[in-house]
Amino acid sequence: MLRSTTEASRVATSPKCKEKHLTNMRSQGEGKGIQLEAPLRMTLERAIEYIDIDEYVEATPKSLRLRKRILDATARKRAAA
């Protein structure tokens with residue numbers, strides 16, 4: 001898992017790339033200050049304890065993944081209401 005957040009700070013994300021700049025000139029300092037946190041290593045039991053009621057733990061031979069039951073953010077909001 002890459003990051004842990006509280007329910008209030010969760011943001012729906014989509015796998016979109018950044019838009020290309022309109023000029024050929026790029027900022028010198030863009031992206032240099034980004035520091036990523038080390039991913040958490042969890043056992044299956046710890047992952048099951050960690051998940052929320054609307055999440056799944058996917059177990060594959062090489063990894064464990066935490067994901068939402070309903071992937072579409074709009075459908076997830078409808079189901080919660």
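- Among residues two or more places apart in sequence or in another chain, the side-chain contact (heavy atoms from CB on, under 4.5 Å) test is passed with Leu44 by Ile48, Val57, Leu64.
- The same ILVMFWY cluster, assembled from side-chain heavy atoms under 4.5 Å apart, contains both Leu40 and Ile51.
- For the side-chain contact (heavy atoms from CB on, under 4.5 Å) test, no residue two or more places apart in sequence or in another chain qualifies with Ala80.
- Under the side-chain hydrogen bond (donor to acceptor under 3.5 Å, both in side chains) criterion, Ser63 pairs with Thr60, not counting sequence neighbours.
- Residues forming a salt bridge (charged side-chain N to carboxylate O under 4.0 Å, His left out) with Arg46 (at least two apart in sequence, or on another chain): none.
- Closest non-hydrogen pair, Leu71 versus Arg76, comes out as O-NH1, 3.3 Å.
- Residues passing the salt bridge (charged side-chain N to carboxylate O under 4.0 Å, His left out) test with Arg65 are Glu58, sequence neighbours excluded.
- Scanning both residues, Glu55 and Arg69, for their nearest heavy atoms gives O-NE, 3.7 Å.
- Partners of Glu49 by side-chain hydrogen bond (donor to acceptor under 3.5 Å, both in side chains), not counting sequence neighbours: none found.
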